[in-house]
Amino acid sequence: MDSSLSRKRSLLEDDIASSSASTSSSLPPCKYGSECYRKNPEHFANFSHPDDEKFGVDVPPKKLFKKEDDDLTSYVDSIDHATSPCLPFYLTKVTGIEDTYNRPDFAIGIKDILSPSMGKLEASAQFNYMFDVPWLIEQYPATFRDKPLLLVHGDQREALAKLRCEADPFPQVKLMQARLEIMYGTHHSKMMLLAYEDGLRVVIHTANLIARDWHQKSQGVWISRKFPNLSKDADTVQTGFKTDLLDYLSAYQNKGLSEWIERIKQHDLSQAGVRLVASVPGAHCGRDMLKWGHMKMRKILSQHGPTSTMVNSGWPIIGQFSSIGSLGPTSSHWLTGEWLASLSSTRGASITVAKTAKLHLVFPTVENVKNSLEGYMAGGSIPYSSQNAQKQSYLTNYMCHWKAAVTGRTRASPHIKTYARTSDDYTKLSWLLLTSANLSKAAWGGLEKKGTQLKIRSYEIGVLFTPENESYSISTSTPHSGQMRLPYDVPLTSYSASDCPWVWNNRYLQPDCLGQVWTPS
Ligand code: K8G
C-alpha cells in the first residue's frame with residue numbers, strides 16, 4: 001500500500017511544485033519565458049516567468065505585505081506571549097476558501113512556521129513520511145536555507161534511492177533512515193525540531209513535506225512556545241513532555257539523533273502544556289507497554305483524564321482520521337474491546353478495566369471526496385482499501401461525514417487526525433489528541449500474549465490536550481483560555497443508508513466537481 005501511495009502521490013506533485021515558488025517582478029526574466037520546462041523551485045525563485053500568476057503564484061499587492069508582517073508578529077505573540085500554558089492547535093492555510101478561515105488566529109502555513117520572526121534558526125530536523133526536498137528547502141527563508149537540516153524518514157530501496165538523489169544537490173541536508181523491522185510498518189510521525197540561537201521549538205503536525213499536503217487539505221499543527229535554554233546550573237527536573245520526547249528519540253537507536261537529544265536536554269520544556277502520545281515499532285512488554293500507542297492513552301487518562309462521574313453519563317469518543325487498517329472481523333476484536341477501552345479510561349480507574357464510551361468515527365464519504373476542492377484526487381491521500389472495507393462493514397454503524405463549516409473546511413479534504421471526548425451535547429470537551437495516527441493496529445498497537453505485550457508497527461507522534469479545570473468549553477471561533485476547538489462540525493451527521501466511506505481502489509465514474517473520474521489501475 002505504501003509504494004502505491006507514494007506512486008499515486010508523486011503523480012500529483014509536479015503541477016503543484018511550480019506554483020509554490022515565490023516570485024517577484026524584480027527577478028530577472030527566464031530566457032525561455034513561458035516555454036520554460038524547468039521544475040526546480042530554485043530556478044523559479046531566481047527567474048521570473050510570464051505564466052507565474054496563471055499558475056497561482058502569490059503576488060500580493062503592496063498593501064498585503066504589511067498585513068503579512070502583522071500576521072507574523074501575531075503568530076509569535078499568540079504563541080510565545082500566551083497566558084494559558086496550553087496553546088491550541090492551528091489548521092494549515094487552505095487555498096480557495098474564504099479569507100476569514102485563513103486568519104492568523106486560526107490557520108498557519110509552512111513558511112509562517114519557518115519564518116525568521118519565530119526565531120533565528122541554527123539547525124532543524126524534519127520527521128516525516130513523504131519529502132519533496134527542493135520544495136522543502138524553498139519553504140525555509142533564504143537566510144536559513146543553508147543551515148543543517150536532518151530528514152528523518154522510513155524510505156527503503158527505490159524510495160530511498162530517489163530521496164538520496166533529491167537530497168544530493170543540498171550539502172546541508174543529512175538523511176536518517178528510521179529502523180522499520182516489523183512488516184507493514186511506516187515512519188508516519190510528522191514533527192519539526194527547530195533549534196534557534198536562543199531556544200528550541202517543537203512542532204507536531206499531520207502534513208507530509210510536499211506541496212499538495214499544504215495546499216487544499218485540512219491539516220493540524222501544534223507549535224510549542226520557544227523553549228528557553230537551561231542555565232548551566234539549573235535544576236534539571238524533567239517534565240513529562242521532555243522525558244517522553246527524549247524516550248521517543250532514543251527509541252530510534254540511531255546516533256544521527258544524538259545531537260538533537262543533547263539539544264533537547266539543554267532546554268527547559270516544562271511549559272509545553274501538552275502531553276506526548278507516540279508510537280514506535282516493537283513488541284513492548286512490562287512497563288514499556290504503557291509508554292506507547294493506545295496504552296499510553298490508557299495510562300495518561302487513568303492519571304489525568306476525566307472523572308467517571310462526569311463522563312460515564314454518556315460522553316462519546318470521536319475518532320477522526322484519513323485511513324483505516326484491518327481491524328478484525330468484529331468490533332469487539334480490537335476497536336471496542338481494546339482501543340476504545342483505552343480511550344474510555346477515566347481518572348483513578350484501573351489500567352485493566354474501563355466502561356467503554358459511545359463511539360463516533362469521522363471519515364470522508366465518497367460524496368465528501370467528490371465535492372472536495374481537489375475532487376477525487378484528494379482520495380489519493382485517503383488510503384482505505386476495498387479489501388479492508390469489505391471485511392469490516394460493522395464500521396459504517398459508527399461513521400459520520402466530514403463536515404467542517406465551522407472551520408470553512410468542508411471541501412478541504414481531511415488529512416488531520418484527531419481523537420476527542422466530548423459531552424453528549426457537544427458543549428464540553430475533556431481531552432483532545434492531535435496525531436499522525438490513523439485508525440489502525442499498526443499505529444496504535446495490538447495486544448498479544450494474553451495482554452502482556454503491545455505490538456506496534458509504525459512510528460507515530462501526537463499531542464494530547466487536557467484542560468486545567470474539569471473540561472474545556474468547545475468554541476466555534478478563536479479559542480480562549482479554557483476553550484478548545486474541533487476541526488469539524490458538531491453535532492455530527494451519521495452516514496445514511498446510501499453513504500459509503502471513501503475506498504481508494506474503487507472506481508468512481510460520476511464526474512467530480514472538477515469534471516474528473518477516478519479509475520485506479
Ligand atoms: C495518511 C501519510 C500516510 C502515509 C501512509 C499511510 C497513510 C497516510 N498508509 O500521509 O503520511 O496508510 O500507509 O496519513 O493517511
Side-chain angles (χ1 to χ4, degrees), residues 1-13 16 91-92 110 126-132 135-136 151-156 159 163 178 180 182-192 203-221 278-279 281 319-327 361-364 368-369 372 374 376-389 391-392 395 402 412-419 433-446 456-462 487 501-505 520:
M1 180 157 60
D2 285 335
S3 64
S4 64
L5 183 70
S6 316
R7 222 178 311 122
K8 200 148 294 201
R9 287 262 204 129
S10 67
L11 291 175
L12 315 175
E13 301 320 319
I16 307 271
L91 297 169
T92 54
I110 187 165
Q126 295 282 356
F127 295 66
N128 218 305
Y129 178 71
M130 278 187 213
F131 299 83
D132 175 338
W135 176 84
L136 174 61
L151 306 183
V152 181
H153 66 90
D155 286 351
Q156 297 169 347
L163 185 61
L180 281 166
I182 305 181
M183 256 220 290
Y184 309 121
T186 57
H187 185 260
H188 203 208
S189 297
K190 291 165 176 62
M191 172 165 70
M192 309 184 189
V203 179
I204 291 176
H205 64 104
T206 63
N208 284 290
L209 294 171
I210 59 176
R212 180 164 287 266
D213 266 39
W214 297 80
H215 186 47
Q216 293 188 310
K217 295 185 190 297
S218 294
Q219 304 269 19
V221 181
S279 294
Q320 177 273 305
F321 37 82
S322 62
S323 179
I324 308 174
S326 174
L327 309 182
L361 301 176
V362 178
F363 186 78
N368 284 155
V369 177
S372 73
E374 301 169 87
Y376 289 134
M377 288 287 253
S381 309
I382 310 172
Y384 188 25
S385 74
S386 65
Q387 293 80 354
N388 284 341
K391 285 188 297 185
Q392 46 203 28
L395 280 183
W402 172 256
S413 184
H415 193 258
I416 185 175
K417 290 88 172 154
T418 60
Y419 299 84
L433 177 72
L434 172 71
T435 175
S436 60
N438 278 306
L439 191 66
S440 75
K441 289 206 252 181
W444 288 93
I456 294 179
R457 298 178 188 275
S458 296
Y459 293 85
E460 308 284 349
I461 199 158
W502 170 259
V503 168
W504 81 331
N505 51 344

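Basis for what follows: all heavy atoms, side chains included, without hydrogens, waters or symmetry-related copies. We count ligands from 1, going down the list as the structure has it; atoms in each ligand are counted the same way.
- The nearest pair of heavy atoms linking Val203 to Val221 is CG1-CG1, 3.7 Å.
- Only the backbone of Ser381 comes within contact range of ligand 1, with a heavy atom under 4.0 Å; no side-chain atom does.
- Here the closest heavy-atom approach between residue Asp213 and residue Lys217 is recorded as OD1-CE, 3.7 Å.
- Annotation: Asn208 places an N or O atom under 3.5 Å from an N or O atom of ligand 1; distance criterion only.
- Contact record, Asn438 with Trp444: O-NE1, 2.9 Å, taken as the closest heavy-atom pair.
- Residue-ligand proximity, Ser323 to ligand 1, at heavy-atom distances under 4.0 Å covers atoms 12 (O).
- In summary, the atoms of ligand 1 found under 4.0 Å from a heavy atom of Lys190, numbered by their order in the structure, are 2 (C), 11 (O).
- Those atoms of ligand 1 with a heavy atom of Ser322 less than 4.0 angstrom away are 1 (C), 14 (O), 15 (O).
- A donor-acceptor pair is defined here as one N or O able to donate and one able to accept, closer than 3.5 Å; such a pair exists between the side chain of Gln320 and the backbone of Ile416.
- Nearest heavy-atom pair, Gln126 versus Leu136, reported as atom, atom and distance to 0.1 Å: CG-CD2, 4.2 Å.
- For Asp213, no heavy-atom contact with ligand 1 is shorter than 4.0 Å.
- Of all the atoms in ligand 1, the ones that sit under 4.0 Å from a non-hydrogen atom of Pro383 are 7 (C), 12 (O), 15 (O).
- Counting heavy atoms under 4.0 Å from ligand 1, residue His188 touches it through the side chain alone.
- For the residue pair Lys417/Ser322, the side-chain donor-acceptor check at 3.5 Å is satisfied.
- The shortest N or O to N or O distance between Lys417 and ligand 1 is under 3.5 Å.
- If you number the atoms of ligand 1 from 1 as listed, the ones under 4.0 Å from a heavy atom of Asn438 come out as 1 (C), 7 (C), 8 (C), 14 (O), 15 (O).
- Ring geometry, Phe321 versus Tyr419: the interplanar angle falls under 30°, so the pair is classed parallel (tilted spans 30 to 60°).
- The His415 neighbourhood of ligand 1 comprises atoms 1 (C), 2 (C), 10 (O), 14 (O), 15 (O), with distances under 4.0 Å to a heavy atom of that residue.
- Side-chain atoms of Ser458 and Thr186 include a donor-acceptor pair closer than 3.5 Å.
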